[in-house]
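Notes follow the structure.
Throughout, a chain's letter reflects where its sequence line sits, starting with A, and its residues are numbered from 1. Every heavy atom of this structure was used, including side-chain atoms; hydrogens, water molecules and symmetry mates were not.
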Amino acid sequence: MPVFALCDANNFYCSCERVFAPHLRGVPVVVLSNNDGCCIARSQEAKDLGIKMGDPWFKIERWAVGKGVRHFSSNYVLYGDMSRRLYEVLQRFSPRVEPYSIDEMFLDLDGLGVDLIDRGRAIRAAILQETKIPTCVGIGETKTKAKLANFLAKKRPEYAGVCDLRSPDACARLYPTIPLGEVWGIGRASAAKLQALGLSTVADLAGFDVTHGRDVLTVTGARVIMELQGQCCHDLSLISPQRKGISVTRTFGASVTEWEELKESVSTFATRAGDKLRQHGLLACAMTVFIQTNRFLPGEFYSNAATFGIEPTQDSLLLIRDALRGVKLLFRNGFKYWKAGVMLDDLIDAKTAAAQMFPSRDPEKSARLMAAMDGINSRFGRGMVRPAVSGVERRWTAKAEFLSPRYTTRIEELPTVRA
DNA sequence: TCTGGGGTCCTAGGACCC
DNA sequence: TCTGGGGTCCTAGGACCC
């Protein structure tokens, strides 16, 4: 029987900022999204003041500052680094650690043969001491139960940050006290459906017939129910699966009306997307670009997107070219653009693709060719240099002919109008 | 008039997550 | 003036094929 622990950092982004500003302990802190748009993390004190996730900063700024709230622009490099440190500490407690998100890690505690509550306390203490980040630990025989235990560890002071939901006793006592919307995988829509059927607590959900559950919530819901009952449907995954898509999207600080300005932004997005592709050693075969006006403003709302196949590439210059061609089709004069983005799909492994693209060459040589291109791209950072190896480009173009013409550009003729 | 059946592939859209 | 960004999975239904 596996035993999962979920270690989840408390108010992670805020806690990271406090590591370097210890005087802010006890002070309400929020971390803001891109362009300081809205609150994406809140310290406990900020939550206690009633600040909600996603609250637009411009709406609450005056009031919040008056209440002594301190705010930070988000710093993902810092958070990523702190996350890695958490991971390193956890690896000392179990050889099997799965980073689930930037601030959450699953551990396999099976076979440790010790008091797991004690073990949870030790984990918290080690992380706090070495990274200054407070965490909570939830324990269960399925991931879903570990998540739920973590929720209790966070919300109910009597657990002091560590909760074990493995025993039937604990479930019988606690399930009826938790609203079913707190369960991992039950969002707003599913919660509403279940409530319409008269279910309201986790106990109701755990006691729901699995087949019936599948009818109402599809197979995902059936798995949730089984996991609540202690039947494991999600194992630990120690190797991170290959990325399926990469996107770079932004709302603009100030609305954009000119083509030249939009072009500049979209070029930047495509460049960043290319950076990410090279980091992961991938090529993209399809692209989606979109532009939007501000849906929060009265008047006409315009939103449009184009999806099309591209030659398999990670080269930023080619990505920029394609993105601009796409967005040019979408651009309409007279709109105030508020948000745009570039999404890359149908990603393939660059090394494997190289071997397929140069079939007449030996694999060694294909790999060297790819490495040469990687070198060019990474040396110039932003992919502003095209692969100069003679013959390469011709071959890549030839390969494109073998791709099925799956992608067609879809352009709505008329802007959609919003009341 | 009667109007198969089984299969695959693809996509849009919904839902959920952090 | 100012309202985030980046992902994954599942399903229904259309297109197409034999």
### Query
On DNA chain C, nearest-nucleotide positions of Ser33(A) versus Lys276(A): which is more 5'?
Ser33(A)
Output the rounded distance in Å from [atom1] ([X]) to [atom2] ([N]).
X: Tyr76(A); N: dG6(C); atom1: OH; atom2: C1'; result: 9 Å
X: Asn294(A); N: dT3(C); atom1: CG; atom2: C1'; result: 7 Å
X: Ile40(A); N: dC18(B); atom1: CD1; atom2: P; result: 15 Å
X: Leu282(A); N: dG7(C); atom1: CG; atom2: P; result: 11 Å
X: His234(A); N: dC17(B); atom1: NE2; atom2: C1'; result: 12 Å
X: Arg62(A); N: dC2(C); atom1: CZ; atom2: C1'; result: 13 Å
X: His280(A); N: dG6(C); atom1: NE2; atom2: P; result: 13 Å
X: Phe252(A); N: dG5(C); atom1: CZ; atom2: P; result: 10 Å

Looking across every strand, which nucleic acid part, if any, lies under 4.0 Å from [X] by heavy atom: base, sugar-phosphate, or nothing?
X: Asp36(A); value: nothing
X: Ile246(A); value: sugar-phosphate
X: Gly341(A); value: nothing
X: Glu104(A); value: sugar-phosphate
X: Asn35(A); value: nothing

### Message
Taking the ring of Trp259(A) and the ring of Tyr337(A), is the distance between their centroids below 6.0 Å?
### Response
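Tyr337(A) vs Trp259(A): aromatic centres not under 6.0 Å.
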### Query
Between the side chain of Asn35(A) and the main-chain N/O of Thr251(A), is any donor-acceptor distance below 3.5 Å?
yes
### Message
At a heavy-atom distance below 4.0 Å, what parts of residues 177-198 of chain A sit against DNA chain B?
### Response
Val183(A), Trp184(A), Gly185(A), Ile186(A), Gly187(A), Arg188(A), Ala189(A), Ser190(A)
Going by an N to O cut-off under 4.0 Å, is there a salt bridge joining [X] and [Y]?
X: Asp55(A); Y: Lys52(A); value: no
X: Asp345(A); Y: Lys244(A); value: no
X: Glu88(A); Y: Arg84(A); value: yes
X: Glu45(A); Y: Arg18(A); value: yes

### Summary
Out of dG4(C), dC2(C), dC18(B), minimum distance to the side chain of Lys147(A) belongs to dC18(B)
### Closest to the Asp103(A) side chain, choosing from dC18(B), dG6(C), dG5(C)
dC18(B)
### Task
Treat primed atoms plus P, OP1 and OP2 as sugar-phosphate and everything else as base, then score nucleotides 8-16 of chain C 5' to 3': B for base contact with protein heavy atoms under 4.0 Å, S for sugar-phosphate contact only, - for none.
SSSS-----
## Note on the structure
Between Thr144(A) and the options Gln229(A), His234(A), Gln231(A), Glu227(A), the side-chain hydrogen bond (donor to acceptor under 3.5 Å, both in side chains) test singles out Glu227(A)
### Task
Just jot down the side-chain contact (heavy atoms from CB on, under 4.5 Å) partners of Thr218(A), sequence neighbours excluded, or say none.
Thr220(A)
### Message
For dG4(C) and Thr249(A) - does any side-chain N or O of the residue sit under 4.0 Å from the phosphate oxygens OP1/OP2?
### Response
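Looking at the OP1 and OP2 atoms of dG4(C), neither is under 4.0 Å from any side-chain N or O of Thr249(A).
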### Query
Think Ser255(A) has a side-chain N or O under 4.0 angstrom from the OP1 or OP2 of dT1(C)?
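Ser255(A) to dT1(C) OP1/OP2: no side-chain N or O under 4.0 Å.
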### Message
Looking at Phe106(A), I'd like to know if the NZ or CZ of Lys143(A) sits under 6.0 Å from its six-membered ring centre while staying within 45 degrees of the ring's axis.
### Response
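Judged by the rule, Lys143(A) and Phe106(A) form a cation-pi pair.
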### Task
Could you measure between the two C1' atoms, the one in dC17(C) and the one in dG4(B), and give it in whole Å?
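To the nearest whole Å, 14 Å.
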### Query
Watson-Crick or G-U wobble partner for dC18(C), using a 3.5 Å limit on both distances?
dG5(B)
### Query
Are Trp338(A) and Tyr302(A) close enough, and set up right, to give a ring-ring contact (aromatic ring centres under 6.0 Å, His included), and what steps lead you there?
CA-CA 10 Å; Trp338(A) 170 75; Tyr302(A) 175 69; over 10 Å; no
